[in-house]
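By convention in this document, chain letters (A, B, ...) are assigned in the order of the sequence lines, proteins followed by strands, and residues within each chain are numbered from 1.
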Protein chains: 6
Amino acid sequence: MSGTPAAPSAGLPATVARPSGRAPDQLREVRIERGYTRHAEGSVLIAFGDTRVLCTASIENKVPPFLRGKGEGWVTAEYGMLPRATHSRSDREAARGKQGGRTLEIQRLIGRSLRACIDRKLLGERTITLDCDVLQADGGTRTAAITGAYVALADAVRVLQARREIPRDPIFGAVAAVSVGVYRGVPVLDLDYAEDSDCDTDMNVVMNDGGGFIELQGTAEGHAFRREELDAMTALAQAGIAELIAKQREALAG
Amino acid sequence: MSGTPAAPSAGLPATVARPSGRAPDQLREVRIERGYTRHAEGSVLIAFGDTRVLCTASIENKVPPFLRGKGEGWVTAEYGMLPRATHSRSDREAARGKQGGRTLEIQRLIGRSLRACIDRKLLGERTITLDCDVLQADGGTRTAAITGAYVALADAVRVLQARREIPRDPIFGAVAAVSVGVYRGVPVLDLDYAEDSDCDTDMNVVMNDGGGFIELQGTAEGHAFRREELDAMTALAQAGIAELIAKQREALAG
Amino acid sequence: MSGTPAAPSAGLPATVARPSGRAPDQLREVRIERGYTRHAEGSVLIAFGDTRVLCTASIENKVPPFLRGKGEGWVTAEYGMLPRATHSRSDREAARGKQGGRTLEIQRLIGRSLRACIDRKLLGERTITLDCDVLQADGGTRTAAITGAYVALADAVRVLQARREIPRDPIFGAVAAVSVGVYRGVPVLDLDYAEDSDCDTDMNVVMNDGGGFIELQGTAEGHAFRREELDAMTALAQAGIAELIAKQREALAG
Amino acid sequence: MSGTPAAPSAGLPATVARPSGRAPDQLREVRIERGYTRHAEGSVLIAFGDTRVLCTASIENKVPPFLRGKGEGWVTAEYGMLPRATHSRSDREAARGKQGGRTLEIQRLIGRSLRACIDRKLLGERTITLDCDVLQADGGTRTAAITGAYVALADAVRVLQARREIPRDPIFGAVAAVSVGVYRGVPVLDLDYAEDSDCDTDMNVVMNDGGGFIELQGTAEGHAFRREELDAMTALAQAGIAELIAKQREALAG
Amino acid sequence: MSGTPAAPSAGLPATVARPSGRAPDQLREVRIERGYTRHAEGSVLIAFGDTRVLCTASIENKVPPFLRGKGEGWVTAEYGMLPRATHSRSDREAARGKQGGRTLEIQRLIGRSLRACIDRKLLGERTITLDCDVLQADGGTRTAAITGAYVALADAVRVLQARREIPRDPIFGAVAAVSVGVYRGVPVLDLDYAEDSDCDTDMNVVMNDGGGFIELQGTAEGHAFRREELDAMTALAQAGIAELIAKQREALAG
Amino acid sequence: MSGTPAAPSAGLPATVARPSGRAPDQLREVRIERGYTRHAEGSVLIAFGDTRVLCTASIENKVPPFLRGKGEGWVTAEYGMLPRATHSRSDREAARGKQGGRTLEIQRLIGRSLRACIDRKLLGERTITLDCDVLQADGGTRTAAITGAYVALADAVRVLQARREIPRDPIFGAVAAVSVGVYRGVPVLDLDYAEDSDCDTDMNVVMNDGGGFIELQGTAEGHAFRREELDAMTALAQAGIAELIAKQREALAG
């Protein structure tokens, strides 16, 4: 029994022909549209290329049982994908009677990520629910969801401030997410579906605007990945997230 | 025990101040956008004023068990509402683990309505699923869904014809739907949420382009409705549906 | 794309050979047996020919959460069919783990219909649940259920009055239901299974003793139905419901 | 820690005032009505006093997966109780989304009991499902269900013989069931609800016409029961079951 | 229709070659290990030969809704089997989404049995939950579970006494359980899997240390069993349970 | 809105007082017991200190639908925790009717990790299911599960080889997992519960014996973590996993 042969350990190649024609460190076109629907306190349609996710933030004046009477709030997320957001139709989870493991995993990730940028004491005994529903999928739905949900959350908090329900902004810093991977031996940023289904490693990275890591989830799809690949991927992610946070600021300033 | 006093039986008043300022026989602005998402064989975003429903048509080369080997196809529908499509957030049905009675009732209605305009023998052993997901609700989501799903179905059938999988168009006639009601004593067309939550009678009407009724579902919310109210409502519906079918034709010609 | 050819628009034929030998405007034999079981506050076995439904009314001193503390009561219904009430055995819903869409649709209809004849403020903070269980099915189970549930409800209200729990009768008017349809081109009253499975249009009508419509649900099974067919069907229903209300009165006087 | 003091071990008292006025060894009035509904191959309404259970037998030409291709049949049972069969309304299992432990336990017992009197090879690859639905409960529903289901099963087998689908009668012997208990120190036969809710021991006994035990399920409700109580109870059961089997024969001869 | 021929009624044979080589009245080796895991108030690994069940007792300061405010406690049980406790892997009940009928039946039996030896008033408003999880199965899992759960319950009660939360020991007497059966015509004690799957009758007996019966559940697997077989089986059970109670005492004294 | 202040970026402190008294780079005592239960093809009880997980490997001669007829096998995992494996009792997932998000996430992780070390073509059309059931929890249950499941998988493969069902060993390399974190500012290896509930960052690392990463899942619990913390944690993990793989080899050689 001997270990998996590691990939060639020489320096990583610098470039590759991506299906989309992008450079390895190039994000897809990112669009953020605030106020997409009118009932939610925050409502953002975010596009990472052909991936489009509707993120709404809903405020409710109650908290889950484990927080009752503790004087702090809660931020949570739910994630869904419309049945035909993808190439072939998938079953509607409401019809199947349960949410799949992937859905639960993603919505737990979104919730944890957003809770990392808010002071729940300042929020008070309120829950903000971030519903992230994928209208069209082309890879990276969870990272688009986190990035868009941050903007929806910021809008909902502004509503609370405008209503003078909270004394000051409970959000500290910004949070965004992007995927990185190793595609045909080359570390690349922001995988689309064509790359995602054909890459060796896929990693989702959530960071804040201070350059700190909030979540890091990497999976070897083909061969196990080496430390220098890990380093190259996290560096790409860091640069990409800085760009995404700039987009968020621009949208919120709009 | 004596019967409910009927509403005053004199001729119905001709007008009323609708919250939206519309005339009693006036539809909301209707917009139909084809190709809204790219994976589905038909993908239509339909708006009846502030009500916005994404209707996709998905083709699968299989039929439900009860039709296997019978040489005919199936058309069915599923309906969902995003949690924050409405004024206050409602639970996600996938998270609750089941679809509610209202959802099941609506998706059965959509399915029956669309099956009324297609020759399932000509369709062959295929299923076309119409997913109608409400992005924003302001009354009349089921009628918008039926009207939009017809266009998505027509687009999916064109795909089958373009692929030469079916010899000729299995769709005969057009199908559209609208709600009518009695608002403050006056029969009105295409209720929005403000009217719907404050009216005496609510009726959903599905008709074809031959002027025939496909479905008629009326409910007395306040007092029981009289025959002349029924007649006035069905007449309004007939005119409104003719307008909607014209909109469908225009969109499909686009 | 041209519309469905309408059925011949000449005057509707006046008669047809019904499988049961009945005249087009003839109800099946209707029997109403009160006190069928002993625990429920109201317990009625109603038969529309071979369709037999046990309707019980149960009083509970509580209301659903949305009504708590509002000083008014609730009337609701549940519907079930014994697995072998029909020609071939159907799965038991309790074993499948959920109620089907048809069941939910019917029990919502029964509940709405009965709430249309009761003053819920006078009822006080109580719930009356109408359980309608089909022992044997031969078409028209939902209309028999509504008609029988009205009698069970009236009996339950009498119990409340006898116990002096409510000051006066909260029921105003009577409610009954019947199906109508177009069978081989002829409008007919009270479809049995043989007709129901072979008719062009099927409509369920719920009316009160003032001649007002409470619910109207029509579905084109074959060709779309025309206005004169609608008119003929509602006229048949109106006459049939008057007979049913007479039967209810007779039973309650017994 | 010392053991429960046993009940006084002197000879058991010979009599007690039962709420119903019956003698200790007296069954309630038993009525068996065949052909109660018309679709099922066997349909029996059985009454043990105020306990009324509708037992239907349904034949299907298929067997569960574990028996496919083995040339033998299956007999199984399902049990349900209408929500208001009892003093206070219980939730509908179909609405709650699952069958309770008591229901599953009873239907497993009914199925095992009936399989003990049929040669499944002679039955061939068919399933007979015995649906036992309690219309009114007054104690002893499971024993009434077994006793009635036997008659429904016999009727279904006669249908198979009449259709010449099976060469000869696969049923050997008869099966019936009764409850026994110790009520106020006295062993009694066929407990009704008033006794059942106030007795020290409750035992359900299933036997065949050869005097053999098929199932014996005894539970100490109050004090643990002694061997002489066990002996007295099984003797009562044996006599009661002989009477029940005579009733079954009489009904089947009718 | 004549009854099942009874087994030869002459005196029962005295011996048989058991697969395990045991004498008919011989238990398997029984081991009881207290403190098997550290978090539970009682934690016992019990082995009946190759059958191994982990029984934990957990104390919670709350009671089910039906007991609230009544000043008495509750003892309940849950039962599970690890998927590969058996010869072939069975589905995980948590993954299937429901507990099977056998599981519910067993856990109801364990709960009833243990409630028969505790004074719930003395326990106060607390719930003790006995989780019985089968690590390895070789027949008799429910009887091992009851016997082990008794020891776990006793340990949990000692914790309550040590914490001075209850004034005195609420347990009266001891409870243990064993299976008996008729294997190749011979009554035998404590069936293992090889015997269980090949015997004519299987009976589970729960008794207390006063020699009283708490539960008796016998099932004829092959031929119906006769009274003398019943008598022989209960006598074997009584002796076996006395041995088991001695083992429990020894373990608790350790 | 300014970013989270990063933790002080000076060199990380080298040591900290861990609750267990371990050095920062010290694993808990690891014990691996093969053949813990007898039915499964692989059965391993693994302990990481007080965390004890029973890992069984079960071979079935079938594959999931998406692999049928493709000539390759499948390796999958299920994870469960006994209700009282933890400090306070948690609900049994089988009783609640669904597996929670955490459970699904963990079992998906275990399955992916083990699939990374096996050639599924060489395995042939078989499924090996790894059931990981936590008997006692003290932090790190998922990493113990992966490490133990590898040994159970290896044993199951040996069974297949011994039966000559597969031509050669489909396992390449070894896989093990460990958690790392930042506890009071110091990176530490193999968190127990006391550390896990009080640390700033928690990361689970799965690696193979070639030093490649298979999974990396890091979560900032308190402040976001910095690159040097990430580097320190992955270095600790790498050393710890080398030790664990040595333990696996030793156990498999035993």
Report task. Between chain C and each of Glu93(D), His87(D), Arg92(D), count heavy-atom pairs under 4.5 Å; write down the option with the most. Result -> Arg92(D)

Query raised in the report: What residue, out of Glu78(D), His39(D), Gln107(D), has the most heavy-atom pairs lying under 4.5 Å from chain C?
Result: His39(D)

Query raised in the report: Can you name the nearest heavy-atom pair linking Pro64(D) to Trp74(D), along with the distance?
Result: CG-CD1, 3.5 Å

Backbone N/O of [Y] and side chain of [X]: donor-acceptor pair under 3.5 Å:
| X | Y | result |
| --- | --- | --- |
| Arg126(C) | Leu123(C) | yes |
| Glu41(D) | Ile59(D) | yes |
| Glu33(D) | Ala47(D) | no |
| Arg28(D) | Asp192(D) | no |
| Arg34(D) | Ala251(D) | yes |
| Arg115(C) | Val75(C) | yes |

Side chain from CB out, backbone as N, CA, C, O: work out which of these in [X] comes under 4.5 Å of a heavy atom of chain C, or both, or neither.
| X | value |
| --- | --- |
| Thr56(D) | side chain |
| Leu54(D) | side chain |
| Ser88(D) | neither |

Query raised in the report: Can you say whether Asp133(C) sits under 4.5 Å from chain D via the side chain, the backbone, both, or neither, judging by heavy atoms?
Result: side chain

Query raised in the report: Heavy-atom distance under 4.5 Å to chain D: side chain of Leu82(C), backbone, both or neither?
Result: side chain

Query - Residues Lys70(D), Glu72(D): salt bridge by 4.0 Å N-O rule - result: no

Query raised in the report: When you check the gap from the basic side-chain N to the acidic O, do Asp131(D) and Arg89(C) get nearer than 4.0 Å?
Result: yes

**Report entry** Contacts with chain C made by residues 96-103 of chain D (heavy-atom distance under 4.5 Å), listed by residue number
**Finding:** Gly97(D), Lys98(D), Gln99(D)

